[in-house]
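Taking it in order: structure first as structure tokens, then the write-up.
Bear in mind the structure is a predicted one, so any value in this text is a computation, not a measurement.
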Amino acid sequence: MKLVVAGPFGVGKTTLIRTLSEIATLHTEEAMTETGRPVDDLAGVPGKSTTTVAVDFGRLTLPGNVVLYMFGTPGQRRFFPLWQDIARGAVGALVLADTRRLADSFEIMDMVEEQGLPYAVAVNRFPDAPDHPVEVLRTHLDLHAATPLLLCDARERDSSLDALIALAEHVLEALPAAPAGPDPAAPVTSDPAGSDPVTSDPATPEQP
């Protein structure tokens with residue numbers, strides 16, 4: 001199951017994937033410079049010194065042999081075309097949000113909805129971030145009643161795992177039911193004319 005971990009700049013996507021992955025994670029982080037300050041606004045995230053410029057990747061196996069492939073995407077607008085490429089083939093998205101910058105999440109949620117992906121929202125708890133009840137956050141984020149909303153700490157495995165499991169369950173509920181296939185126990189039948197069973201080679205001539 002391919003999942004996208006999305007969210008605005010500096011919201012904790014890389015940290016969450018690193019926390020959850022059962023394999024060595026792939027990251028494409030680069031150091032931020034003074035030259036890039038006008039492009040990457042550090043308001044609300046003053047301690048951030050690196051940024052993802054391509055993709056983060058990790059893998060997690062859940063009970064029942066459900067394997068989750070997590071693709072983290074850059075949060076800046078200039079990377080949106082890259083986000084669309086990474087999201088191709090995904091079945092759902094986990095959108096991270098920050099109560100210090102809730103408005104920054106709207107653009108990401110719009111983009112996820114435009115791709116037609118079911119998603120869950122996980123509000124990442126930062127030490128200096130305002131704390132609000134889930135009901136208040138749901139109202140401010142204008143979420144559909146069926147969209148899962150959780151509070152999490154991307155640094156803590158159990159907390160992050162709860163958010164990812166909530167997304168996986170939501171995705172499985174949203175997936176269309178698989179069409180029923182033939183019953184493997186059903187006998188092989190012949191056509192009404194009494195010819196050989198359907199498993200016979202049609203190129204073989206009938207014997208007198």
Side-chain angles (χ1 to χ4, degrees), residues 1-20 40-48 51-52 55-56 58 60 68 70-84 86-88 90-175:
M1 184 182 294
K2 178 181 179 181
L3 302 175
V4 174
V5 180
F9 169 67
V11 80
K13 302 179 292 293
T14 299
T15 300
L16 183 136
I17 291 176
R18 184 179 286 122
T19 298
L20 288 175
D40 294 328
D41 185 7
L42 293 179
V45 284
K48 188 167 179 59
T51 183
T52 299
V55 66
D56 298 320
L60 178 65
L68 306 180
M70 301 172 288
F71 289 79
T73 59
Q76 298 95 315
R77 169 176 282 278
R78 67 182 185 277
F79 292 116
F80 280 6
L82 174 63
W83 187 95
Q84 293 174 327
I86 294 173
R88 187 172 294 114
V91 295
L94 180 65
V95 178
L96 294 186
D98 180 353
T99 56
R100 299 170 297 180
R101 302 174 290 130
L102 273 184
D104 293 351
S105 300
F106 288 114
E107 196 169 41
I108 303 297
M109 290 189 295
D110 288 344
M111 187 167 56
V112 171
E113 291 175 356
E114 288 172 4
Q115 292 290 317
L117 296 178
Y119 67 96
V121 176
V123 177
N124 192 12
R125 287 173 162 172
F126 289 89
D128 59 340
D131 193 13
H132 301 290
V134 171
E135 295 78 12
V136 173
L137 292 171
R138 180 177 290 277
T139 299
H140 281 282
L141 290 169
D142 193 25
L143 296 179
H144 188 279
T147 302
L149 173 63
L150 305 95
L151 302 177
C152 79
D153 186 332
R155 301 167 300 177
E156 297 181 359
R157 181 174 178 81
D158 288 346
S159 178
S160 300
L161 186 58
D162 287 343
L164 206 63
I165 290 176
L167 170 63
E169 291 175 344
H170 182 52
V171 166
L172 290 174
E173 291 174 358
L175 289 176

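- When all heavy atoms of T99 and A129 are compared, the closest pair comes out as OG1-CB, 3.2 Å.
- The main-chain N or O of A154 is found under 3.5 Å from a side-chain atom of N124 such that the two form a donor-acceptor pair.
- The closest side-chain donor-acceptor pair between D153 and S159, if any, does not fall under 3.5 angstrom.
- Between the CG atom in L94 and the SG atom in C152 there is a gap of 7.0 Å [rounded to 0.5 Å].
- The main-chain N or O of F71 is never found under 3.5 Å from a side-chain atom of D56 such that the two would form a donor-acceptor pair.
- Atom CG of D162 sits about 12.5 Å away from atom CG of L167, to the nearest 0.5 Å.
- Checked by atom type and distance alone, the side chain of K2 pairs as donor or acceptor with a backbone atom of I86 at under 3.5 Å.
- For the pair R157 (side chain) and L20 (backbone), a donor-acceptor distance under 3.5 Å is present.
- R138 places a side-chain N or O within donor-acceptor distance of the main-chain N or O of H144, the cut-off being under 3.5 Å.
- Between the side chain of R101 and the backbone N or O of F9 there is at least one donor-acceptor pair closer than 3.5 Å.
- When all heavy atoms of P130 and R100 are compared, the closest pair comes out as CD-CG, 3.7 Å.
- Counting heavy atoms of neighbouring residues, nucleotides and ligands inside a 6.0 Å radius, atom CG of D110 exceeds 12 of them.
- When all heavy atoms of V121 and A97 are compared, the pair lying nearest together is CG1-CB, 4.3 Å.
- No donor-acceptor pair closer than 3.5 Å links the side chain of T147 to the backbone N or O of L143.
- The CG atom of D142 lies 12.5 Å from the CG atom of L102; values are rounded to the nearest 0.5 Å.
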